[in-house]
Amino acid sequence: MTEKTQRNRNLKIYLLLFALLAAVLFSSFGSSMNITERALVHAMGIDPTENGGFKVTMQVFKTSGAGSDTPVDVSQPNVEVITAEGETVSSAIDDARNQMGKDIFLGHLQMICFSPEIDFSDPEELFQFALKDKNIYLGVNICLSETTAEEIMNAQMTRGTTSAEAMKQILEMNIKNSAAIKCEIIDMMSTIDTPQNILIPVMAVRQNEEQSEGQSGNQEQSGQSGGQEQGGGQSGGQSPQIVVTSTAIIKDGKTLDTRLNAEQAAGVAWLTRQANQSSLVVPHRGELVNVRLTKDSSSVKLENRDGRVIYRTKLVLLAHTTKDLNTKEESDEMASEVKQRLQEILSSAQQTAFYDSGADVFGVWRLLRHSYPIAYLKYKDNLQDIYAVTDFETELIIRVE
């Protein structure tokens with residue numbers, strides 16, 4: 001046998017052994033997890049309990065809709081709502097696992113909604129369930145509810161394959177249009193040992209009285225036997241409306257009463273370079289004109305000027321109007337009007353989000369540490385002294401398209 005033939009023979013043996021090993025691994029040594037043995041959680045709501053624990057409400061995906069022979073009935077919400085309680089979020093999830101008799105799988109989690117009463121001062125403990133589970137993506141969207149997270153999770157939306165999918169689309173569209181500020185698990189974790197404050201979108205359920213009464217009656221009949229199915233039994237066949245109402249500020253782990261409206265959220269997004277587009281309405285020659293702003297370029301820097309800290313922003317934006325502008329004079333006039341209106345929005349955002357709340361949602365401390373490290377070391381334990389002498393300056397360049 002030649003040396004070349006021997007090498008080919010050895011290669012075939014190695015390939016055969018590799019194939020056998022792969023077959024064993026992929027067969028899970030003769031056992032496999034059936035999808036019916038897993039509860040696929042797509043959304044989660046977390047509320048505090050009176051005894052200091054947590055109530056966790058989960059939207060669990062159903063493989064078949066009511067009255068359907070197909071694996072997934074797209075005409076139904078295809079979710080079951082499970083509620084459980086525990087001293088920690090993790091123990092509440094264990095309680096849900098025992099209720100369902102299934103393994104709880106959080107790898108498909110799309111959003112987490114919190115009650116505004118939740119204490120965020122120790123995010124490492126609060127999100128322990130996510131940090132210990134390697135299946136959970138740390139970019140999962142986070143929001144607050146105006147009332148309780150359970151109310152959001154029980155919203156019977158029929159748009160999309162699951163309610164979680166529809167709610168995520170609504171939230172992401174508001175973020176895309178800068179009507180709300182994005183918040184993810186990783187953002188919460190970034191507050192550990194830092195003075196950064198967090199902005200988080202607030203969602204609410206909107207429905208008419210007739211529908212609300214019908215839904216309440218259905219819930220009373222369903223009871224609390226481990227879960228409530230969401231189906232097409234809404235009054236009049238209408239589903240409730242989930243809306244993003246505002247953006248909340250979390251400071252020192254607590255949710256402040258201060259709220260940013262859609263315009264103020266857009267102002268913060270532009271000033272922190274998070275925005276790519278937003279909309280506004282400007283008065284122009286006796287009529288109101290809708291304008292969509294898109295980003296051309298932006299920059300932010302911190303300056304020390306005569307004992308004052310200057311948060312300086314430069315924004316070059318394109319203004320797309322719904323009105324035909326026939327002359328350069330009218331175009332320049334529109335640019336000036338858009339600039340004035342946007343400046344009003346930015347000033348309102350600065351006042352509410354920074355001065356009124358006393359929260360550093362603009363990351364002044366981070367820019368100070370980067371640009372003036374000696375000053376940061378001097379004031380890092382007394383950053384309110386820095387915030388008290390912080391001013392905002394914004395250079396706006398508007399180009400009408």
Side-chain angles (χ1 to χ4, degrees), residues 159 166 168-183 199 201-203 206 241-247 258-303 305 310-356 361-363 367 390-401:
R159 188 156 53 86
K168 180 185 177 184
Q169 290 173 349
I170 293 169
L171 181 59
E172 290 184 341
M173 182 57 67
N174 278 266
I175 292 170
K176 178 181 178 181
N177 292 323
S178 305
I181 304 295
K182 189 171 189 175
C183 185
L199 292 172
V202 180
M203 303 186 78
R206 295 286 184 263
Q241 182 182 8
I242 298 291
V243 295
V244 176
T245 60
S246 60
T247 296
T258 304
R259 294 286 192 271
L260 305 181
N261 60 31
E263 283 191 344
Q264 291 168 337
V268 171
W270 283 119
L271 290 169
T272 55
R273 303 180 66 190
Q274 298 180 66
N276 289 309
Q277 66 181 45
S278 70
S279 299
L280 50 78
V281 177
V282 298
H284 175 75
R285 297 188 177 184
E287 62 178 316
L288 297 178
V289 178
N290 293 320
V291 178
R292 183 170 62 90
L293 297 174
T294 57
K295 181 169 67 175
D296 188 2
S297 65
S298 64
S299 64
V300 175
K301 64 179 180 179
L302 210 64
E303 297 180 1
R305 187 189 308 160
I310 310 299
Y311 186 97
R312 183 169 178 78
T313 309
K314 181 178 180 180
L315 295 172
V316 181
L317 307 179
L318 304 179
H320 311 269
T321 70
T322 56
K323 179 178 176 60
D324 292 331
L325 306 176
N326 300 317
T327 65
K328 184 180 184 305
E329 178 184 2
E330 187 177 8
S331 180
D332 292 342
E333 182 182 341
M334 174 63 73
S336 177
E337 291 163 347
V338 171
K339 181 178 179 179
Q340 179 181 348
R341 181 72 186 99
L342 181 57
Q343 189 61 67
E344 293 172 355
I345 292 172
L346 297 179
S347 297
S348 177
Q350 295 158 11
Q351 183 64 43
T352 302
F354 188 79
Y355 296 115
D356 293 348
V361 301
F362 295 98
L367 292 171
T390 297
D391 298 322
F392 291 83
E393 287 186 3
T394 306
E395 179 183 357
L396 290 177
I397 299 176
I398 305 298
R399 296 172 179 164
V400 177
E401 293 289 307

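Position 1 is the first residue of the sequence, and the numbers go up from there. All values below come from the heavy atoms of this structure, side chains included, with hydrogens, waters and symmetry mates left out.
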E337 and H284: side-chain donor and acceptor closer than 3.5 Å? yes
Out of curiosity, I398 CD1 to L315 CG, how far, rounded to the nearest 0.5 Å? 8.0 Å
Do any N or O atoms from the side chain of N261 and from the backbone of E263 form a donor-acceptor pair under 3.5 angstrom? yes
V268 side chain reached by L260 side chain, heavy atoms, under 4.5 Å: yes
Heavy-atom closest pair, residues R259 and S246: CD-OG, 3.4 Å
Examine distances only and state if a side-chain atom of S336 and a backbone atom of D332 form a donor-acceptor pair shorter than 3.5 Å. no
Starting from the C-alpha separation in whole Å, work towards a yes-or-no answer on side-chain hydrogen bond (donor to acceptor under 3.5 Å, both in side chains) for E329 and T327. CA-CA 5 Å; E329 178 184 2; T327 65; 5.0 Å; no
Could you tell me the separation between the OG atom of S279 and the CG atom of N177, rounded to the nearest 0.5 Å? 6.0 Å
Any chance you could measure I181, atom CD1, to N174, atom CG, to the nearest 0.5 Å? 11.0 Å
Is the closest basic N to carboxylate O distance between K323 and E287 below 4.0 Å? yes
Quick one, L318 and L293 - any side-chain contact, counting heavy atoms below 4.5 Å? no
Nearest-0.5 Å distance that lies between atom CD in Q277 and atom NZ in K295: 11.0 Å
For E303, does the CD atom have more than 12 heavy-atom neighbours from other residues, nucleotides or ligands under 6.0 Å away? yes
For Y311 together with F354, are the ring centres under 6.0 Å from each other? no
To the nearest 0.5 angstrom, please state how far the CZ atom of R399 sits from the OG atom of S331. 12.0 Å
First locate atom OG1 of T313, then atom CG of L346, and finally report the distance between them rounded to the nearest 0.5 Å. 8.0 Å
Quick one: do the S298 and W270 side chains pair a donor with an acceptor below 3.5 Å? no
Tell me whether K339 is salt-bridged to E344, with the criterion being a basic N under 4.0 Å from an acidic carboxylate O. no
Give a yes-or-no answer on whether the side chains of Q264 and S348 include a donor-acceptor pair shorter than 3.5 Å. yes
Give the intermediate values and the outcome of salt bridge (Lys or Arg N to Asp or Glu O under 4.0 Å) for residues E401 and R292. CA-CA 10 Å; E401 293 289 307; R292 183 170 62 90; over 6 Å; no
Side-chain contact, heavy-atom cut-off 4.5 Å: V300 with L367? yes
Residues E330 and K328 bridged, charged N to O under 4.0 Å: no
Can you check whether L342 reaches L396 side chain to side chain, under 4.5 Å on heavy atoms? yes
